[in-house]
Amino acid sequence: MVQNIFAMRNSELSSPDEEFAQNFAADALQVLPPNAFKPGALVIRSAPGGGKTSLLRMFTPGPLEQTLRNHSVFPFDEIYGKLQALGAVGPTAPRLLGVYISSQGGYSEIGPPLPQAAAAGLFKALLNARIVLRTLRAVTRFWEVDYDDARSLSRIRVMPGATSRDAGQLPIDGDAPSLRRWAEDIEQRSLKYLDTLQGGVGGPDLPGHVAIDAIQWLGAARFFLDEVETVCTPLLMFDDVQRLRPWQRDALFSECMEHRTPLIVWIAEQTKALDSSGVLTVSRAERDHHVVQLEKFWGNDKGNKFQNFAADIANRRLRQAGIDVKIDIQLNSRLTDRDLGRKIETAIESLKDHLGAPLSPHYEAWVKPTLDAPTTDPFSLAVELGKTRIMIARDRRRGLPAFDFEGLESDASPSGVVQAAERMICTQYLLPYFYGFDRVTRLASFNIEEFLQICASLFELIHAARVVKTGGSSTVSASDQDAAIKQLAARRFTDISRSVRHGEMAQKLVQAAGRLCKEKTYLTRAPYAPGVTGFAISAEERIELSKANAAGSTSVYFELAQVLTSCVAQNVLDMREIKQGSRAVTVFYLNRMLCAHFDLVYHYGGWQKVSLRTLIEWSRGNSITDDARKLL
């Protein structure tokens with residue numbers, strides 16, 4: 001039951017329109033830029049599970065119709081309000097005609113033994129036919145006309161607009177039944193070839209089109225029902241474009257962007273659609289289209305947008321399943337477990353003993369206020385003592401001037417030290433660290449499917465608590481949350497070997513990176529507070545990786561470029577550009593669930609610069625000593 005509640009693909013693709021619209025989180029619409037509904041192309045990218053398909057489906061006629069029909073009923077009212085603000089719906093009808101095209105369905109099978117020219121013609125013909133057919137289905141749903149009834153379908157006519165260019169091999173206008181027959185004939189002949197896997201040129205019956213003319217056709221089309229024109233703006237949406245062959249994807253992008261169609265086009269694809277050169281080369285401003293990287297959008301947020309978005313999705317799923325709880329308040333965010341009290345007391349006594357040892361008067365301004373502080377919150381006191389321990393270790397590292405009895409400022413607390421102290425204390429004294437809804441959402445690495453996977457594990461605990469504590473609190477303890485998350489994190493690490501291309505090498509690289517991060521995070525003086533969670537390469541090294549990809553297997557860095565690209569594409573590593581003075585470095589942060597696996601902080605903390613040679617050794621499973629690492 002729990003897995004079904006939180007199964008994202010089931011909700012995206014299989015659920016009825018009313019159920020889908022009811023479960024759609026309106027906060028997802030925040031990712032759309034201001035020009036999302038202007039002519040041109042919008043590219044939406046994310047790792048698998050980022051929510052691209054749900055976003056596109058929301059703008060198809062069915063969900064829009066259901067939202068309008070129930071616009072005054074919770075939770076449709078919130079979605080309706082945001083769609084109306086975007087201009088996607090009016091008071092009584094949708095303003096957009098959303099045409100959804102999946103990139104599945106045989107496109108990637110078009111290739112050898114068919115010659116390149118014939119393959120390109122067949123791909124464009126099949127895509128033209130599918131765009132026409134999906135448009136007709138969208139129009140009939142928009143007007144509530146029976147698509148399968150010839151008489152009803154004949155009420156619809158498509159006429160060219162004033163800006164129409166030559167439609168190529170498409171019928172530029174006609175009644176809906178004629179357009180449907182033309183498109184179905186193209187589709188059937190295309191699929192017949194793919195089913196029989198004919199060789200050679202494919203025969204005279206093989207469809208072949210010069211261009212994807214249906215994009216221009218749809219951009220200029222005028223739609224009439226019973227000779228009355230209905231105004232609606234077409235929105236053409238291509239999903240899962242990473243499934244296309246590279247040359248097919250290039251053809252689609254070229255048609256959508258270089259020809260500057262008057263149509264609104266959205267292209268959704270997983271990040272892995274980019275090859276190594278695309279991911280690893282420094283990005284350039286795109287003149288002909290706008291790109292939204294979902295993880296980057298949520299990650300750049302300084303507020304709680306992703307947290308609110310994630311909570312809304314989880315709570316909607318639970319409510320739809322008849323479970324009246326809010327997941328964010330079911331996860332205890334404090335260490336109130338009875339069995340933890342003794343551990344916290346042990347931590348306090350141990351740290352007090354350490355700080356109470358004979359110390360220089362130099363540290364009196366730090367130590368005395370901490371030791372004399374009232375114990376109203378034992379865990380906060382333990383963290384404060386841990387922070388003081390770090391500050392003393394840092395100062396000793398610098399060395400003390402002779403006869404310095406002036407003391408130090410008691411409020412000296414550099415950035416991240418408190419968080420570093422908490423991480424160290426939780427590890428040293430076996431206290432839970434990964435608990436509370438805020439930390440759970442951070443562990444999802446801004447990926448909604450990963451968040452729902454975490455929710456599925458935690459809801460098992462919530463459900464068990466509700467069964468055991470009938471009528472009582474069903475909140476899940478910090479210890480139980482921490483244990484469940486670490487179990488899930490271990491599976492996440494194990495899955496790398498089979499879910500990522502070059503999986504074994506990727507897993508070895510991640511293992512070595514996790515060890516380095518842990519080594520640097522737990523240094524007594526916490527020099528990289530709150531902790532290290534990634535590694536970095538220089539701008540020059542990034543260029544080397546890009547060149548290696550172009551050179552192919554003859555380059556010593558080729559495999560490494562492939563491994564890093566796969567890790568970024570599958571959300572195992574989060575790649576970010578960071579300025580270091582006047583120079584830029586590329587940082588590869590570990591996925592947050594992998595941070596849980598390696599007992600690191602959940603923050604996007606510090607990073608360590610490593611060489612490409614070191615990364616190659618990591619991917620081969622060879623450990624690097626500190627001395628060797630310095631040389632590399």
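Throughout, numbering of the chain's residues begins at 1 and tracks the sequence.
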Self-check item: Ring center gap for W298 and F306 short of 6.0 angstrom
Solution: yes
Quiz prompt | Side-chain touch I327/V440, heavy atoms, less than 4.5 angstrom | solution = no
Quiz prompt | Where at least one partner belongs to residues 499-524, residue pairs that pass ring-ring contact (aromatic ring centres under 6.0 Å, His included), sequence neighbours excluded | solution = none
Quiz item: Step by step, would you call Y602 with Y433 a ring pair (Phe, Tyr, Trp, His ring centres under 6.0 Å)?
Solution: CA-CA 9 Å; Y602 59 85; Y433 178 75; 5.6 Å; yes
Quiz item: Between E450 and G49, is there a donor-acceptor pair closer than 3.5 Å when you use the side chain of the first and the backbone of the second?
Solution: no
Exercise. Decide side chain to side chain contact (heavy atoms under 4.5 Å, CB included) for L560 and L545; before the verdict, give the C-alpha distance in whole Å, the side-chain angles of both, and the deciding distance to 0.1 Å.
Key: CA-CA 8 Å; L560 176 62; L545 288 176; 4.0 Å; yes
Exercise. With side chain to side chain contact (heavy atoms under 4.5 Å, CB included) as the test, would you mind laying out the steps for R492 and V572 before giving the verdict?
Key: CA-CA 9 Å; R492 180 78 163 92; V572 172; 4.0 Å; yes
Practice problem: For the pair D574 and V568, evaluate side chain to side chain contact (heavy atoms under 4.5 Å, CB included) and give the outcome as yes or no after the intermediate values. | Solution: CA-CA 6 Å; D574 179 359; V568 171; over 6 Å; no
Quiz item: Just wondering, do I313 and F309 contact through their side chains at under 4.5 Å, heavy atoms?
Solution: yes
Practice problem: Please check if any side-chain donor atom of D250 sits under 3.5 Å from a side-chain acceptor atom of S254, or the reverse. | Solution: no
Self-check item: Atom of C256, atom of I267 and distance for their closest heavy-atom approach
Solution: SG-CD1, 4.2 Å
Practice problem: Determine which pairs satisfy salt bridge (charged side-chain N to carboxylate O under 4.0 Å, His left out) with at least one residue from residues 587-601, sequence neighbours left out, and list them in order. | Solution: K486-D599, K518-D599
Exercise. Measure the shortest side-chain to side-chain distance between R389 and H354 over non-hydrogen atoms and say whether it is less than 4.5 angstrom.
Key: yes
Self-check item: Nearest atoms (heavy-atom pairs only) where A393 meets T524
Solution: CB-CG2, 3.9 Å
Quiz item: Between N308 (side chain) and N304 (backbone), is there a donor-acceptor pair under 3.5 Å?
Solution: yes
Practice problem: Answer yes or no: is there a side-chain heavy-atom contact under 4.5 Å between W266 and F59? | Solution: yes
Self-check item: Nearest atoms (heavy-atom pairs only) where I537 meets V610
Solution: CG2-O, 3.9 Å
Quiz item: How about Y528 and W607: are their ring centres within less than 6.0 Å of each other?
Solution: no
Quiz item: Is a donor on one side and an acceptor on the other found under 3.5 Å between the side chain of Q481 and the backbone of V476?
Solution: yes
Quiz item: Would you say S445's side chain and R442's backbone share a donor-acceptor pair under 3.5 angstrom?
Solution: no
Self-check item: Salt bridge flag under 4.0 Å for residues R583 and E540
Solution: yes
Quiz item: Between the side chain of S103 and the main-chain N/O of D239, is any donor-acceptor distance below 3.5 Å?
Solution: yes
Quiz prompt | Distance-minimising heavy-atom pair for G534 and C517 | solution = N-SG, 3.4 Å
Quiz item: Checking R394 side chain against A526 main chain: does a donor-acceptor pair fall under 3.5 Å?
Solution: yes
Quiz prompt | Closest non-hydrogen atom pair between S54 and F24, with its separation | solution = O-CE1, 3.6 Å
Self-check item: C455 side, atom SG; I448 side, atom CD1 - distance, nearest 0.5 Å
Solution: 7.5 Å
Practice problem: Quickly, which of L443, N571, L573 forms a side chain to side chain contact (heavy atoms under 4.5 Å, CB included) with N591? Name it, please. | Solution: N571
Quiz item: So with a 6.0 Å cut-off around CD of E559, is the heavy-atom count from everything else above 12?
Solution: no
Practice problem: Any chance you could measure T346, atom OG1, to L431, atom CG, to the nearest 0.5 Å? | Solution: 9.0 Å
Self-check item: Distance (rounded to the nearest 0.5 Å) between T475 OG1 and L461 CG
Solution: 11.5 Å
Practice problem: Kindly indicate whether the side chain of I578, heavy atoms from C-beta on, has any atom under 4.5 Å from the side chain of Y589. | Solution: yes
Self-check item: S46-K52 side chain donor-acceptor pair, cut-off 3.5 Å
Solution: yes
Quiz item: Would you say the side chain of W618 lies within less than 4.5 Å of the side chain of K508, judging by non-hydrogen atoms?
Solution: no
Exercise. I would like to know whether Y435 and N332 meet side chain to side chain donor-acceptor pair (under 3.5 Å); could you show each step before the answer?
Key: CA-CA 7 Å; Y435 60 90; N332 198 339; over 6 Å; no
Quiz item: F459 and L318: side chain to side chain contact (heavy atoms under 4.5 Å, CB included), yes or no, with the steps?
Solution: CA-CA 10 Å; F459 186 74; L318 292 170; 3.5 Å; yes
Practice problem: Name all pairs fulfilling the salt bridge (charged side-chain N to carboxylate O under 4.0 Å, His left out) condition that reach into residues 417-436, sequence neighbours left out, sorted by first residue then second. | Solution: E422-R439
Exercise. Kindly confirm or rule out a cation-pi arrangement of R576 over Y604, judged by NZ or CZ under 6.0 Å from the six-membered ring centre and within 45° of its axis?
Key: yes
Practice problem: Give a yes or no on whether a salt bridge exists between E269 and R249, defined as a side-chain N under 4.0 angstrom from a carboxylate O. | Solution: yes
Quiz item: Hey, are R501 and Q562 close enough side-chain-wise for a donor-acceptor pair under 3.5 Å?
Solution: yes
Exercise. Measure from the side-chain N and O atoms of T427 to the backbone N and O of M424, and report whether any donor-acceptor pair falls under 3.5 Å.
Key: no
Quiz prompt | OG1-CG distance between T533 and L600, expressed to the nearest 0.5 angstrom | solution = 7.0 Å
Self-check item: From R525 atom CZ to M391 atom CE, the distance as rounded to the nearest 0.5 Å
Solution: 13.0 Å
Self-check item: Centroid-centroid distance, F493 to F598, less than 6.0 Å
Solution: yes
Quiz item: Is the side chain of E617 donor-acceptor paired with the backbone N or O of N622 at a distance under 3.5 Å, no angle test?
Solution: no
Quiz item: Can you find a pair of side-chain heavy atoms, one from F437 and one from L458, that are under 4.5 Å apart?
Solution: no
Quiz item: For atom CD of E504, is the number of surrounding heavy atoms from other residues, nucleotides or ligands below 6.0 Å larger than 12?
Solution: no
Practice problem: State, to 0.1 Å, how close A314 and F451 come at their nearest heavy-atom pair, and which atoms those are. | Solution: CB-CE2, 3.9 Å
Quiz item: Centre of F20's six-membered ring, under 6.0 Å away, within 45 degrees of the axis: is that where NZ or CZ of R57 sits?
Solution: yes
Quiz item: Would you say R243 and S108 make side-chain contact, with heavy atoms under 4.5 Å?
Solution: no
Quiz prompt | Spatial distance of atom CD1 (I485) from atom OG (S457) [nearest 0.5 Å] | solution = 8.5 Å
Quiz item: How are the rings of F123 and W247 set to each other: parallel, tilted or perpendicular (split at 30° and 60°)?
Solution: perpendicular
Quiz item: Q248 side chain to R245 main-chain N or O, any donor-acceptor pair under 3.5 Å?
Solution: yes
Quiz item: Is the side chain of T554 donor-acceptor paired with the backbone N or O of A551 at a distance under 3.5 Å, no angle test?
Solution: yes
Practice problem: Please determine if D495 and R491 form a salt bridge, counting it only when a charged side-chain N lies under 4.0 Å from a carboxylate O. | Solution: no
Exercise. Would you mind checking if R613 and E541 are paired as a salt bridge, meaning a charged N to carboxylate O distance below 4.0 Å?
Key: no
